[in-house]
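FYI, side chains are in, hydrogens and waters are out, and symmetry mates aren't considered; it's all heavy atoms of this structure.
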Amino acid sequence: MAAVPERSFIEICGFERETLPKFRDITVNLGLTALPGGVKYPDSAGGFHYEESGKLLSVTSNRFIHWSTSGDTVQLTEQSMDINLLNSAVRLKFLHCPVLPGGVHIQETLNNVVIIIVTNQTVHHLLLPHPTCMYRSELVVEVQMQSIFTDIAKLNLRDPAHSHILPVLPSQLCGHGASAAWICSEGDAHIALASITGGILVVKLPPYDVQGCLSVLELKQSSVMQRLAGWMPTAIRGDQSPSDLPVSLAVRQLEGDTFIFALCQDHKLRMWSYKDQLCLMVADMLEYMPVTRDVRLMAGHGHRLRLSFSSSTGLCLGVYLSVPKSGQFCILQLVCTERNRYSLDHISTLFTTQETLVDFALTSTDVWGLWLDHNNQTVVRYINFEHNVAGQWNQVFVQPPPEEEVNIGLDQDPRETYLEIIFSPVRFTAAAIMKALQIYRRGTDRIFDLSWESLKKEVTVAVENELQSSVTEYEFSQEEYRQLQVQFWSKFYACCLQYQEALSAPLALHVNTTTSMVCLLKKGFVSFLLPCFTVDHLYLSADEYLSSEDETPVPEDPEVGRDVLQLVQCLRLVNMSVIGDMAYMMEKALEHLQSPERAAEQVLESLRANDSDSVIEDIQNKLQDIRNPIGAMGILLREMDLETEGEMEGETPLAAGQPLSVRMSLSQLYGSSVAVAVVCQAVCQVAMTRALLCRDLLILQQLYLKVGDNVFLGGGGQLLQLQQDLIPRTSHLLCSYYLLKWASQCLSSTVPLDMLDANLQHLSVLELSDSPALTPSKSVLNPQTVVELFYQNVARKAIITQIHSQQSALLSQAALHWPQMVSTMIILLSQYLWPSNPGFHFPECLMGNCQYTQLQEYIRLIAPWCQVNMGSCRFVLGQCYLATGEGHKALQCFQEAAAEVVKEEFLMRLVGSEDEEVGTAPRLQYYNKVLKLLEDVGLPELVIQLATVAISEATNDIRSQAALRTRIFKHHLDLGHNSQAYEALTQNPEPSRQLDCLRQLVVVLCERAQLQDLVQFPYVNLHDEVVGIIESRARAVDLMAHNYYELLYAFHINRHNYRKAGTVMFEFGMRLGREVRTRHGLQKQVNCYLAAMNCLRLIRPDYAWIVQPVSGGVYERPGTSPKRNYDGESAAGPVSRQIEILELKDLEKEYILARNRLTLAQHDPSSAGNTGSAPAVEMVTLLVQAGLFDAALALCKTFRLPLTPVFEGLTFKCIQLQYGGEASQNEAWNWLAANQLSTVITTKESSATDEAWHLLASYLENHPSQNAQHHRCVINVLLSHGVPLPDWLVNSYKLVDAAALLRLYLNYDQLESAVDLVLEYVEALLGKGHQYFGIERPLSATAPLVWLPYTSIDQLLQVLNENQSDANNANLNSKLLDKLQEYHRLVEQATHHRLTAH
């Protein structure tokens, strides 16, 4: 696919797809008015390239300015092929001052870019900063760069420094508007204008920063000189202008002087010296062409003059002489003879038959011409003026206008078809579509801020509204509606054609002599001329150009070359015949993946059936002249095949080892949006051309098969080779180029940021996120095709790297040669896109940039015929399905890709980064990557399926099997498939992983409360592990948040291990008492102890015991760090304690204690935090304090504790109630209600105090004690608080131990009560009330012996005697003594009677 140098070029239109306005508008109003009847100048254009535009390391590399004029408006645009320029377009409007044709002159100085604009009344001098001054650093690392026009709006263009009014009358200027400008060595700007008098007006501008006026100098020949130069009167010429009126001017500074060349309408070329103000030379151009007298008498209004200077040839002049029905270029060389006399040497004369020359350009070797033909179509030709074949011009294949008619198939929707064509990236500019929309809507509002997609919607709405408004009937058939659609859409399409044609009007050629880049400047856009490749050149060339064997790709073999030319001529005949439905048939066959061979055969049958012009017969006649058709076809196929032998470079560092400046320049080379569009549209153009060529060749091959016996000279062997080799190859190439054409026209999708982030996450899981092919970036083009996306993000850097490493001569030249560089870029980009090459960068780029729809279509198109990277395609297709939510399709694709893992570079790179042990099979590594991806996307069902498949690949890899089983277990568990998860766990061959899975199963099922499943699993060979896991979890987590103890209890109960179950629940209860000091915790503790007791009751009494669980602080919890002493050494473990056995009775005690704690907490919630681990003695105290005397009594009896604290507490509460207020009475009912009061029927309403005393009385009655200790305790408390003893208490205690009561009275100085007690006691002994003191029989001779507590009575008497001063004491003492005397008397009597009785 090599380009033939100086063969032909093809036009590539870099259509913009930005609908937003890019021009900044600036109006310059100098207060002038429009001239009456002024001349209307034609539109013009031109270009300027920087001197160092071909230098790789320059800021101005591949950078140029182009301009166009229309009326009083000038549009200036700066473009770069390397970097995007900001604020690069400006539109200047000089009010009422039309710009002269070619009246924009741009030159550069060391620090500035000077722009001179000449109108019919003014001249404008703009001094802008040079790019090298805007970026002082040698390194330009920005992705975008400011244009020199960035700050032009800051200039005051009305200021005299920028704008001047011409000091000459507009009527003095020539109507042609010829002008030229230059900057002298002092920096002054000069402008040469053609004068209506035949001279040249030279306007000198003052220096930029100096105030001053314009100076005007007129260069004009004397009348004598005019006669010597061959002047003839105007009457002979037939007009009123002078004969030496300049129609084209050019300027060149040479040898310290400035020479002004004027090509005049009298066909003479005059050279002026500005320094000497003399005409140095006059040359008659008619001497170089055969002319008639009529031509001599005609004015040469259409003559053009161009200059070219090179160090080798000096100054050359290109003169175009315009004569009716023909034209001629004369190339002349300026020669300086002795004594500074100048003459012209004739180099070449070139003839052309084109009539209307728009523009031409002269280089040191070539003449480029731009014409309009009879049909107003653009024609571009070029020729080497020294070395050419019989003056034959080389072809430039300009872009034809879009088809006037759109072929719509029966299966196509007219709206969709027209939208697809109108918004194709290679047919219409956005400006043409917007203008057509504005006219179609008949609106006056200008459309600006529409995106490409919004513009498409607006067009659709406009056409559909127009259609709906024209419908008058409510009902019509589908066919009628289809016809209406075609009618209205074709109308809008015609509008687009009209405005596209207007915007495509050519204005000028611009040739960058440094880089050899040729631009075609049109009214609405700029197109670029690129070298045409050999095969394309042959196929596109007109018949008159296909006459020499030199035009073939095999000049070394003239015979084969002639065959190739004949074959190409046949292909052109086929191309002209395959139109309309037949072309549509082939196109749809490729789109719908039908057999191209079969479609070609059908087209051929249609051609033969409708061959009214005998085209098939002509083709057959030409075929008979081809001696070796197989060889000729093979040459064409070879030239079109882009398949490379090995992997293309794609990820090597760019210009490794080169200086940073070189690497940065290379990284930006041809990276601007303009270059992206040009290179990618060139690929599209090549693909479209070659797809047609392959289509025609396939039809021609089918014709060979039909008439082979009559055409082939080689017989059946060649037919067999044609059928088995050439036709399949042609079909394959046709499909490949159709794919390239599709990709070049397929627009990329706008991707939301969240989708990009998700995709990047997925790629990072695959460890592909750092791949250059997967790096998304925002494009300046909006929207861009997928090929532009690929070129910008991936291919450009790879191509420049490849050129630098393999074709470094292209980059090491003094100037970058645009034709060679762009041809190489196109070739390499096409090879990167070629589906049969081993590289996979293009689909990888689509995947990385979330172009899933486009990627699916790409894979669909190549699936039937491309056998390369099949596995990689299946993998990225799986990625697409994942993105669109079709997981099962994705899984199928991933499985299909597994077979190609070790065969394809992309898949090998995918598995190469997997951190697996050496020896892991690549396919297993691949499965692991895909499994990670599916996990990241969140598709556990697919993970299970793929992991199950992967296990079959890991038959001898225990480690991989274990990892896969673990994955299966995890996702089954996540999905709630508990049985399957357990099954996967049991099949895991690695014990450590099995234990991890088991632990996770326990934790997860417990958290989900799916305890039934967890308990009922058989756990074959895993019973102890399960118990250990649950125990460790139970001891390590919060008791109230998790129910591991209850789970373990259920686990043992389910297996009838009641002792273990009891142990678990008892331990649970113990920990609850220590750690959960809440009412709820106490309730659970009670329940735990009940459950533990029930478990032991289910066991035979001999075995109804458990081992006392150790304290929770010494459990060896998994994962805890070892304890160390102050020296850093491991501390010794806890000393093992003696085993303690607990029987059922011990559990019952703990239960009762726990129940009392709960009772207390229920009565007083604030006490729950203090009773969790309180012992029985402390609990009695707490219960008494809370008023829970029944519970306290029961607890004392259970633990055989004295009841004294209970009676003391109750007595104290009675005292409080006795002397408390109403509040204490109300509060007392709360604790009284918690005790079981004796039911006493009374007619009197009792108070809380009464109830408390009744409760105390009932306790004393129901809980007798030895020696009435409880009574003594109560009385002791009462007397200690100075409370009178209730009668019932005194009576009950007298009945039991009156002596003890007397002692208590004495202890608390209750003398009067003591005396009364002694008196009553004595009376009882004597027989009066003896039953109240528990005396069965009073004192008598026959009764048992009786006694008095004399010690206590003596103490009482002594106290009374010591306090005789108190009258009361004395009285008491007297009474007591009298009663004792009476008692003693009676005792003596009874004693006497008893003694006498014996």
Side-chain angles (χ1 to χ4, degrees), residues 39-46 69 100-103 173-180 192-196 198 200 230 232 234 236-250 261-270 282-307 317-332 348-362 367-383 385 393 505-509 520-521 523:
V39 179
K40 181 175 175 58
Y41 297 118
D43 294 349
S44 64
T69 68
L100 300 183
L173 299 180
C174 171
H176 298 290
S179 65
L193 300 171
S195 172
I196 194 68
I200 300 174
M232 58 185 64
T234 58
I236 300 176
R237 298 194 310 273
D239 61 19
Q240 301 303 315
S241 58
S243 62
D244 58 349
L245 181 69
V247 295
S248 185
L249 294 177
F261 297 89
L263 183 59
C264 304
Q265 65 180 5
D266 61 357
H267 318 298
K268 291 183 173 59
L269 176 67
R270 293 173 172 83
V282 178
D284 189 357
M285 294 296 101
L286 296 183
E287 296 178 359
Y288 301 105
M289 68 181 299
V291 294
T292 62
R293 178 178 176 80
D294 294 337
V295 173
R296 289 184 177 276
L297 294 177
M298 293 177 61
H301 296 300
H303 296 342
R304 304 290 178 90
L305 172 65
R306 299 289 184 267
L307 303 182
L317 290 78
V319 178
Y320 174 74
L321 301 174
S322 176
V323 296
K325 298 182 181 180
S326 66
Q328 175 182 314
F329 291 93
C330 291
I331 311 301
L332 308 169
S348 177
T349 297
L350 307 168
F351 296 95
T352 174
T353 58
Q354 307 295 334
E355 284 197 355
T356 307
L357 180 73
V358 178
D359 190 22
F360 83 97
L362 179 68
V367 175
W368 288 82
L370 171 63
W371 294 269
L372 288 176
D373 64 9
H374 299 289
N375 299 320
N376 209 34
Q377 297 298 314
T378 303
V379 177
V380 181
R381 297 280 186 270
Y382 80 100
I383 191 171
F385 54 75
W393 289 73
L507 299 179
L509 279 169
L520 185 55
L521 306 178
K523 188 173 180 62

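- No donor-acceptor distance shorter than 3.5 angstrom exists from the side chain of Arg304 to the backbone of Gly318, with no hydrogens or angles considered.
- Under the 6.0 Å cut-off for aromatic ring centres, Phe329 and Phe385 do not qualify, their centroids lying 6.0 Å or more apart.
- Using a distance-only test at 3.5 Å, with no hydrogens or angles considered, no donor-acceptor pair links the side chain of Trp393 to the main chain of Trp368.
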Test log, rule side-chain contact (heavy atoms from CB on, under 4.5 Å), inputs Gln265 and His301: CA-CA 6 Å; Gln265 65 180 5; His301 296 300; 3.1 Å; yes
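- Rounded to the nearest 0.5 Å, atoms CG (Leu286) and CG (Leu321) are 7.0 Å apart.
- Every side chain to side chain donor-acceptor pair (under 3.5 Å) that Ser44 has, sequence neighbours left out, goes to Thr69.
- The two atoms that bring Ala508 and Ala45 nearest to each other are CB-O, 3.3 Å, heavy atoms only.
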Please test Cys330 against Thr349 for side-chain contact (heavy atoms from CB on, under 4.5 Å), starting from the C-alpha separation and ending with a verdict. CA-CA 5 Å; Cys330 291; Thr349 297; 4.3 Å; yes
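- Of the possible polar contacts, none joining the Gln328 side chain to the Val323 backbone as a donor-acceptor pair under 3.5 Å is found.
- In terms of modelled atom types and a separation under 3.5 Å, the side chain of Arg270 and the main chain of Cys264 share no donor-acceptor contact.
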Met285 and Leu263: side-chain contact (heavy atoms from CB on, under 4.5 Å), yes or no, with the steps? CA-CA 9 Å; Met285 294 296 101; Leu263 183 59; 4.0 Å; yes
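- Separating the CG atom in Leu370 from the CG atom in Leu507 is a distance of 8.5 Å, to the nearest 0.5 Å.
- Residues Leu357 and Ser322 have side chains not in contact (no heavy-atom distance under 4.5 Å, counting atoms from C-beta outward).
- Rounding to the nearest 0.5 Å places NZ of Lys268 at 10.0 Å from NE2 of His303.
- Here the CZ-CG distance, from Phe261 to Leu269, works out to 7.0 Å after rounding to the nearest 0.5 Å.
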The test is side-chain contact (heavy atoms from CB on, under 4.5 Å); show your working for Leu100 and Leu193 and say whether it passes. CA-CA 10 Å; Leu100 300 183; Leu193 300 171; 4.0 Å; yes
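- Taking the side chain as every heavy atom from C-beta outward, Tyr320 and Val367 never approach each other to under 4.5 Å.
- Rounded to the nearest 0.5 Å, atoms CG (Asp284) and CG (Asp266) are 8.0 Å apart.
- With a 4.5 Å cut-off on side-chain heavy atoms, Leu317 and Ile331 do not count as touching.
- Listed here is the closest heavy atom pair of Pro101 and Pro42: CG-CD, 3.8 Å.
- Listed here is the closest heavy atom pair of Ala262 and Pro246: CB-CB, 4.1 Å.
- Looking at Leu521 and Leu509, their side chains never come closer than 4.5 Å, going by heavy atoms from C-beta outward.
- The distance from the CG atom of Leu249 to the CG atom of Leu305 is 8.0 Å, given to the nearest 0.5 Å.
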